[in-house]
Each structure stands twice: as C-alpha cells, then as structure tokens.
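The next block holds one structure in the form of structure tokens; read it before the comments.
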Amino acid sequence: MKKYLFFLSAAILASSFVALSFTDVVSALKTGNAKEVAQYFDSTIEITLPGKSDSYRKSKAEEMLRDFFTNNPVKGFEVIHKSENAGSQYCIGNLITSNGKYRTTIYMKQKGKKQLIQELRFEK
C-alpha cells in the first residue's frame, strides 16, 4: 500500500511539474510577446518559422520571433498535447494569429534548476 501511494504521489507531482513548466511559456505565447517567450530560451535554440529553420543564439532567435509576431499578430494559443520524459518536456499546440493557425512545438530540457526551450517550431 505504501508503494502504491508513493508512485501515485510521484505521478501527480510529475504531471503538475509539466503543467507548471509550460504554463508561463504558453501565457507568453498567448500575448505574442517575444521578450517574454525568450526569457525561457536556452543560450542557443533551434527555431523553425515559415521559410527559416536553424539554430540561433538567444538574442537572434528573440529578434526573429518578434518579427514573426509583428507579421502575425497573436490572438491565442491552444494546447493540444504535452508530455514529459527524463527531464525533457514537449508541448504541441496551435498558435492562432490574424493570418491563420500555426502548429507549434515546444521542446524544453532541464538545465540546472530551470526548464529551458531548446526548440521552437511554428508550421502553417
């Protein structure tokens, strides 16, 4: 019985950890504020935008994201799926903009005590 309670507690804790890690990122995406999103970037990040895909330093990725949000004003973000595996997390959702929906993938990895975005994809 004690083992069952331990595993149940661990599962609940792990699922709440996933929710908390993505809550701030999703909130930042909903506002379309590149600076807020970029505070969760690792020092280099793989970013995919329509017509562009590569690894960029944090400052360049923020600039690209700001341009993307300027050209595609954000109306909202819907989470479709999120998961965790061995210190890594990912989230799939739809970024709703004035120019349509973009399927969005966020991949985060534990770095020290923080979860940082390693990869961010926006695909039409």
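Gln39 places no side-chain N or O within 3.5 Å of a backbone atom of Phe41 that could act as its donor or acceptor partner.
Of all heavy-atom pairs spanning Val37 and Ile117, the tightest one is O-CD1, 4.3 Å. Considering every non-hydrogen atom in both Lys101 and Ile96, the closest pair reads CG-CG1, 4.2 Å. Of all heavy-atom pairs spanning Ala61 and Ile47, the tightest one is O-CD1, 4.1 Å. For the residue pair Leu116 and Lys111, the shortest heavy atom distance occurs at CD1-CB, 3.7 Å.
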Can you give the donor-acceptor pairs under 3.5 Å from side chains of residues 65-79 to other protein atoms, not counting sequence neighbours?
{"residue": "Thr70", "atom": "OG1", "partner": "Arg66", "partner atom": "O", "Å": "2.9"}
{"residue": "Asn71", "atom": "ND2", "partner": "Asp67", "partner atom": "O", "Å": "3.2"}
{"residue": "Asn72", "atom": "OD1", "partner": "Asn99", "partner atom": "ND2", "Å": "2.9"}
{"residue": "Asn72", "atom": "OD1", "partner": "Tyr102", "partner atom": "OH", "Å": "3.1"}
{"residue": "Asn72", "atom": "ND2", "partner": "Phe68", "partner atom": "O", "Å": "3.0"}

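When side chains are defined from C-beta on, Arg103 counts as touching Asn94, because their heavy atoms get closer than 4.5 Å. Using a 4.5 Å cut-off on side-chain heavy atoms (C-beta onward), Tyr90 and Lys82 make no contact.
The CD1 atom of Ile45 lies 10.0 Å from the CE atom of Met64; values are rounded to the nearest 0.5 Å. With rounding to the nearest 0.5 Å, the separation of CG in Leu95 from CG in Leu120 is 9.5 Å. In this structure, CD1 on Ile106 lies 7.0 Å from CZ on Phe122, to the nearest 0.5 angstrom. Interatomic distance, Lys109 NZ to Ser88 OG, rounded to the nearest 0.5 Å: 5.5 Å. The structure places OH of Tyr40 at 15.5 Å from CD of Gln118, a figure rounded to the nearest 0.5 Å.
Take Thr31 and apply the side-chain contact (heavy atoms from CB on, under 4.5 Å) test, not counting sequence neighbours, and it matches Asn33, Glu36. Partners of Arg121 according to the side-chain contact (heavy atoms from CB on, under 4.5 Å) rule, which considers only residues two or more places apart in sequence or in another chain, are Glu46, Thr48, Thr105, Glu119, Glu123.
In the model, Gln89 has no side-chain atom that pairs as donor or acceptor with a side-chain atom of Glu84 under 3.5 Å.
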